[in-house]
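The structure appears right after this line, and notes come after that.
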Amino acid sequence: MGILQAAEDVFRERGYGAATMKAVADRAGVSLPTVYLYFGSKPALVRSLADRVTGSADLSVGRVIAETDPVRQLEIGAAILRNLHQRSEVVVDILRTAAGADPKLSREWRRWKDRHAEAVRAVAESLDANGALRNGVDPQAATDVLYTIGGPDTFRQLVRERGWNPSRYEKWLVEAGTSLLLRTT
């Protein structure tokens, strides 16, 4: 097992505060100095976990932008967000809860949210460029809507707190985006 997977497992089981670099090393089957050599600290492990998720090619916003049909763009985007949220639950939980206590994690949480904002802004601008936004919805308003309905908090609330399955969330995301943003023909 790799160090990052071991770290994710240990964070999931113990929580960020109780997780130790030694526990990560033990789970990965490597020495403690090896973990420190590659990552240096627990916040660096979290950042690497975040980068691993957001760096996945199948989660690229470029897939949405490449599509020209607006409904299809929302469908692709919803599938990406569903997968992103499922893969990043541990990271997001750490960043959301530990950010206030650790300046490094606070910066990482800001970076996570900025990446999300940049991605949804690109989608909103693409929808606008294709003439797909309904009257009265400009790219900034579309960005704000997509940021909110597609964010990790909405996913957590609907899937974890309200018991929706991820497929239902994905379908709802397309329906909400279509209803709130797209022109009716």
Side-chain angles (χ1 to χ4, degrees), residues 4-5 8 11-12 46-99 105-185:
L4 285 177
Q5 186 59 55
E8 184 175 349
F11 291 147
R12 180 181 288 109
V46 174
R47 182 182 181 125
S48 293
L49 285 168
D51 288 344
R52 180 179 74 171
V53 172
T54 58
S56 298
D58 67 318
L59 301 180
S60 170
V61 71
R63 293 180 47 225
V64 178
I65 306 306
E67 176 60 55
T68 57
D69 177 75
V71 173
R72 190 71 192 117
Q73 283 183 294
L74 292 179
E75 290 170 347
I76 294 167
I80 289 171
L81 285 168
R82 170 192 172 178
N83 286 317
L84 171 70
H85 295 318
Q86 287 181 290
R87 292 181 202 173
S88 67
E89 283 183 288
V90 171
V91 171
V92 168
D93 284 347
I94 290 168
L95 294 176
R96 179 187 293 111
T97 58
L105 291 178
S106 185
R107 282 191 299 277
E108 191 59 33
W109 183 227
R110 170 57 35 210
R111 183 172 165 251
W112 184 272
K113 293 189 295 186
D114 288 347
R115 283 177 167 177
H116 176 59
E118 290 169 18
V120 297
R121 182 178 302 109
V123 173
E125 289 172 354
S126 177
L127 290 168
D128 185 52
N130 291 336
L133 294 178
R134 67 175 48 246
N135 289 336
V137 177
D138 63 16
Q140 182 58 52
T143 298
D144 293 344
V145 167
L146 291 170
Y147 182 87
T148 301
I149 67 174
D153 292 327
T154 303
F155 178 83
R156 179 183 45 80
Q157 289 168 338
L158 293 174
V159 174
R160 298 297 164 235
E161 295 175 15
R162 302 304 307 155
W164 287 23
N165 69 41
S167 295
R168 181 177 178 197
Y169 165 80
E170 182 180 334
K171 183 178 180 203
W172 171 82
L173 197 54
V174 173
E175 291 169 354
T178 300
S179 172
L180 295 168
L181 300 176
L182 300 186
R183 292 182 181 277
T184 55
T185 54

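All values below come from the heavy atoms of this structure, side chains included, with hydrogens, waters and symmetry mates left out.
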Can you list the steps and then say if Ile149 with Leu173 is a side-chain contact (heavy atoms from CB on, under 4.5 Å)?
CA-CA 7 Å; Ile149 67 174; Leu173 197 54; 3.6 Å; yes
Once rounded to the nearest 0.5 Å, what's the spacing between atom [atom1] of [X] and atom [atom2] of [Y]?
{"X": "Leu95", "Y": "Arg111", "atom1": "CG", "atom2": "CZ", "result": "10.0 Å"}
{"X": "Asp153", "Y": "Thr148", "atom1": "CG", "atom2": "OG1", "result": "9.5 Å"}
{"X": "Arg156", "Y": "Arg162", "atom1": "CZ", "atom2": "CZ", "result": "12.5 Å"}
{"X": "Leu146", "Y": "Leu74", "atom1": "CG", "atom2": "CG", "result": "7.0 Å"}
{"X": "Leu105", "Y": "Trp112", "atom1": "CG", "atom2": "CH2", "result": "13.0 Å"}
{"X": "Asn83", "Y": "Leu59", "atom1": "CG", "atom2": "CG", "result": "6.0 Å"}

With heavy-atom distances below 4.5 Å as the criterion, would you say the side chains of [X] and [Y] are in contact?
{"X": "Val53", "Y": "Leu84", "value": "yes"}
{"X": "Ile65", "Y": "Val123", "value": "yes"}
{"X": "Glu75", "Y": "Arg72", "value": "yes"}
{"X": "Arg87", "Y": "Asp58", "value": "yes"}
{"X": "His116", "Y": "Leu81", "value": "yes"}
{"X": "Gln73", "Y": "Leu182", "value": "no"}
{"X": "Val137", "Y": "Leu180", "value": "no"}

Of all heavy-atom pairs between [X] and [Y], which one has the smallest distance, and what is that distance?
{"X": "Trp109", "Y": "Pro152", "answer": "CH2-CG, 4.4 Å"}
{"X": "Phe155", "Y": "Arg82", "answer": "CE1-O, 4.5 Å"}
{"X": "Pro166", "Y": "Gln86", "answer": "CG-NE2, 3.2 Å"}
{"X": "Arg183", "Y": "Gly131", "answer": "NE-O, 3.0 Å"}
{"X": "Leu133", "Y": "Ala142", "answer": "CD2-CB, 3.9 Å"}

Before accepting this row, confirm whether a basic side-chain N of the pair [X]/[Y] lies closer than 4.0 Å to the acidic partner's carboxylate O.
{"X": "Glu67", "Y": "Arg63", "answer": "no"}
{"X": "Glu118", "Y": "Arg115", "answer": "no"}
{"X": "Arg160", "Y": "Asp93", "answer": "no"}
{"X": "Arg121", "Y": "Asp128", "answer": "no"}

Using only atom types and a distance under 3.5 Å, with no angle test, would you say the side chain of [X] pairs donor to acceptor with the backbone of [Y]?
{"X": "Thr143", "Y": "Pro139", "value": "yes"}
{"X": "Arg47", "Y": "Glu108", "value": "no"}
{"X": "Ser179", "Y": "Ala176", "value": "no"}
{"X": "Thr154", "Y": "Gly150", "value": "no"}
{"X": "Ser56", "Y": "Arg52", "value": "yes"}

Using the salt bridge (Lys or Arg N to Asp or Glu O under 4.0 Å) rule, collect all pairs that involve residues 139-149, keeping only residues at least two apart or in two chains.
none
How about NZ on Lys113, more than 12 heavy atoms from neighbouring residues, nucleotides or ligands closer than 6.0 Å, or not?
yes
